[in-house]
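Quick notes on the structure that follows.
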2 protein chains.
Amino acid sequence: MGSLDRSLIAGLPVFEGVAAADLDRIVGQARSLRIAKDQPVFEQEQEAHSFFLLLDGHVRVMKSTPDGHEVTVRYISPGELMGIAHALGRTTYPANAIAAVDCVALAWPSQLWPTFAADFPSFTTNTYKTVGSRLQDAHTRVIEMSTEQVDQRVAHALLKLVKQTGKKTEEGILINFPISRQDIAEMTGTTLHTVSRLLSAWEDQGLVKSGRQKVTVVEPHQLLLIAEGRVEKS
Amino acid sequence: MGSLDRSLIAGLPVFEGVAAADLDRIVGQARSLRIAKDQPVFEQEQEAHSFFLLLDGHVRVMKSTPDGHEVTVRYISPGELMGIAHALGRTTYPANAIAAVDCVALAWPSQLWPTFAADFPSFTTNTYKTVGSRLQDAHTRVIEMSTEQVDQRVAHALLKLVKQTGKKTEEGILINFPISRQDIAEMTGTTLHTVSRLLSAWEDQGLVKSGRQKVTVVEPHQLLLIAEGRVEKS
DNA sequence: CGCATCTTTGATTAAAATCAACCCAAGTGG
DNA sequence: CCACTTGGGTTGATTTTAATCAAAGATGCG
């Protein structure tokens with residue numbers, strides 16, 4: 001318990017410009033927690049008691065609709081904040097957050113937010129930059145859904161994941177957590193069948209290698225051409 | 001020019017909790033401007049020199065894609081902020097804003113944002129609430145695009161517009177600015193043809209009345225049933 | 001080994017885009 | 001004041017895309 005110290009968070013973009021002493025104060029009020037694979041970090045509509053910083057692992061943020069559809073909003077990578085409902089004037093979480101793998105996170109009680117905002121202006125500014133870029137992302141998603149065909153959207157999604165969590169292997173760049181066809185479908189507004197067909201076709205063309213809950217991008221540049229619609233479908 | 005005073009903005013949700021004296025200071029630094037119909041308030045990628053408060057009229061915020069598609073992000077109604085790129089850590093505007101009708105707005109230089117944020121905490125909080133709800137809206141849009149059919153999305157869009165800007169008439173509730181089939185298509189990710197067919201069908205069923213750049217919703221409740229997919233298509 | 005979950009692939013269908021005309025209303029300018 | 005032009009709008013026919021329906025294969029875990 002006494003093992004939390006500022007080295008955990010120093011150097012993260014969200015804490016850029018925050019003084020070392022302030023980092024200590026911030027970390028001092030956090031509790032650390034581990035979340036097992038497939039367990040929730042927080043749940044849609046729940047009282048937003050805490051906000052979180054993911055230290056290790058990957059978390060999938062998703063919304064469920066009344067009629068049983070699931071839409072994946074984003075994946076959170078280490079170093080990112082999540083559950084910051086309070087910063088946006090909400091008192092409940094807007095989505096479900098599920099650990100995609102075993103995770104480690106820091107958590108602060110939500111009622112600390114106003115204090116943090118007042119005492120650590122750099123942290124506040126950085127947080128709102130994060131919010132700003134998430135708003136951007138969401139708008140980009142809307143535009144993609146409005147103007148692109150599924151193959152472009154799936155290609156974009158894979159490239160985004162590769163950029164966010166890609167790990168070099170000798171075969172190409174691996175998306176570094178278990179991800180199913182269904183998961184990709186939920187990110188792109190399509191069905192697992194269509195995703196499966198696309199991945200099969202791309203595998204035949206040597207653009208990707210994929211297996212059970214595993215995708216490796218072999219030719220990112222080719223995939224980008226598909227994402228931008230600059231290539232004929234075969 | 002000396003005619004700007006706090007009565008213009010007192011009572012707006014964004015200024016809730018701000019002291020009267022502070023309102024004076026805020027208004028004192030604004031310049032007021034009028035924007036003629038179809039003229040831009042600001043443009044995508046431009047340096048974000050100012051942020052705005054719409055006093056009167058309606059502004060369409062839209063993004064253009066490289067390949068010539070236009071996607072409408074939202075309509076701004078009187079009392080709402082726009083162009084607050086700076087609050088989100090951006091230095092350029094993320095979208096185009098075009099006056100849908102003749103408009104009146106207040107504008108502040110963007111460099112005032114940090115000062116405002118420091119001096120008027122209620123204003124800051126309220127602004128981030130706005131940002132939060134726009135993030136919500138964007139996610140809702142993504143979910144709608146992922147899980148609903150066009151008729152549901154168009155119905156949802158009409159209901160949203162009606163709620164935002166609806167004006168009671170003896171025929172029903174009129175969307176209070178000129179809006180074409182094409183505009184609705186750009187809000188819902190479909191084509192003007194499909195929108196036209198839907199509106200024609202709904203007109204036959206007596207749910208809406210529509211004409212050139214004009215839509216009146218006659219039976220909001222019926223439209224809601226369509227929006228929620230709880231009604232068979234004829 | 002057996003069962004849960006994923007994945008693949010074929011056949012069919014449904015939804016909406018695209019292609020193609022044509023109509024109508026509202027300005028504009030001679 | 002009227003002809004003409006332009007920007008919407010409607011509607012039919014056709015085509016495309018991707019969902020849905022259906023049935024088997026893999027894969028990996030307990």
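Naming: A, B, ... by sequence-line order, numbering from 1 per chain.
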Could you check how far [atom1] of [X] sits from [atom2] of [N], rounded to whole Å?
| X | N | atom1 | atom2 | result |
| --- | --- | --- | --- | --- |
| Asp183(B) | dG8(D) | CG | P | 8 Å |
| Lys214(A) | dA26(D) | NZ | C1' | 14 Å |
| Arg181(A) | dT9(C) | CZ | C1' | 13 Å |
| Asp204(B) | dT10(D) | CG | C1' | 12 Å |
| Ile226(B) | dA15(C) | CD1 | P | 15 Å |
| Met145(A) | dA17(C) | CE | P | 13 Å |
| Lys37(A) | dC29(D) | NZ | C1' | 11 Å |
| Asp151(A) | dA19(D) | CG | C1' | 15 Å |

Inset, instruction - Kindly check if the number of other-residue, nucleotide or ligand heavy atoms within 6.0 Å of NZ (Lys129(A)) is above 12? - result: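 No, the 6.0 Å shell around NZ holds no more than 12 heavy atoms from other groups.
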Nearest-nucleotide pick for [X], side chain only, options being [options]:
| X | options | result |
| --- | --- | --- |
| Ser200(A) | dT9(C), dT10(D), dT7(C) | dT9(C) |
| Thr194(B) | dT8(C), dG8(D), dA16(C) | dA16(C) |
| Gln149(A) | dA15(C), dA17(C), dT17(D) | dT17(D) |

Inset, instruction - Please determine, by modelled atom types, if Thr140(B) and Asp137(B) share a side-chain donor-acceptor pair under 3.5 angstrom. - result: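 Asp137(B) and Thr140(B) do not have a side-chain donor-acceptor pair below 3.5 Å.
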Inset, instruction - Answer with yes or no whether the side chains of Gln164(B) and Ser77(B) bring together a donor and an acceptor at under 3.5 Å. - result: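 Yes, a side-chain donor-acceptor pair sits under 3.5 Å.
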Legend entry - Ile184(A) vs Leu198(A) side-chain heavy atoms within contact, under 4.5 Å: no
Inset, instruction - Would you check if Ile35(A) and Phe52(A) make a side-chain contact, meaning some heavy-atom pair closer than 4.5 Å? - result: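 When only atoms from C-beta onward are counted, Phe52(A) and Ile35(A) do not touch, as no gap falls below 4.5 Å.
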Legend entry - Residues Glu80(A) and Arg74(A) bridged, charged N to O under 4.0 Å: yes
Check [X] against [Y] and note the closest heavy-atom contact, atom names and distance.
| X | Y | result |
| --- | --- | --- |
| Ser146(B) | Met145(A) | OG-CE, 3.5 Å |
| Leu33(B) | Ala107(B) | CD2-CB, 3.7 Å |
| Pro178(B) | Lys37(B) | CG-NZ, 4.0 Å |
| Lys63(B) | Val73(B) | CG-CG2, 3.9 Å |
| Asp56(A) | Pro78(A) | CA-CG, 4.1 Å |

Legend entry - Base-contact (B) and sugar-phosphate-only (S) positions in nucleotides 20-27 of chain C, heavy-atom cut-off under 4.0 Å, - elsewhere: B-------
Legend entry - CA sep, side-chain torsions, deciding dist, call: Glu47(A), Phe42(A), side-chain contact (heavy atoms from CB on, under 4.5 Å): CA-CA 9 Å; Glu47(A) 193 64 26; Phe42(A) 54 81; over 6 Å; no
Legend entry - Chi class for dA19(D): syn within 90° of 0, otherwise anti: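 dA19(D): anti.
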Legend entry - Close residues, residues 61-68 of chain A, relative to DNA chain D [heavy-atom separation under 4.0 Å]: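 DNA chain D contact set from residues 61-68 of chain A: none.
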Inset, instruction - Output yes when at least one side-chain N/O atom of Ser180(A) is less than 4.0 Å from OP1 or OP2 of dC6(C), else no. - result: no
Legend entry - Degree of bending in the helix from dT5(C)-dA26(D) to dG30(C)-dC1(D) once both end axes are built from five pairs, to 10°: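 Roughly 40° between the end axes, to the nearest 10°.
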Inset, instruction - Check every strand shown and say whether Leu199(A) touches a base, only sugar-phosphate, or nothing at a heavy-atom separation below 4.0 Å. - result: nothing
Inset, instruction - Could you tell me whether Ser196(A) contacts a base, only the sugar-phosphate backbone, or nothing, with contacts defined as non-hydrogen atoms closer than 4.0 Å? - result: base
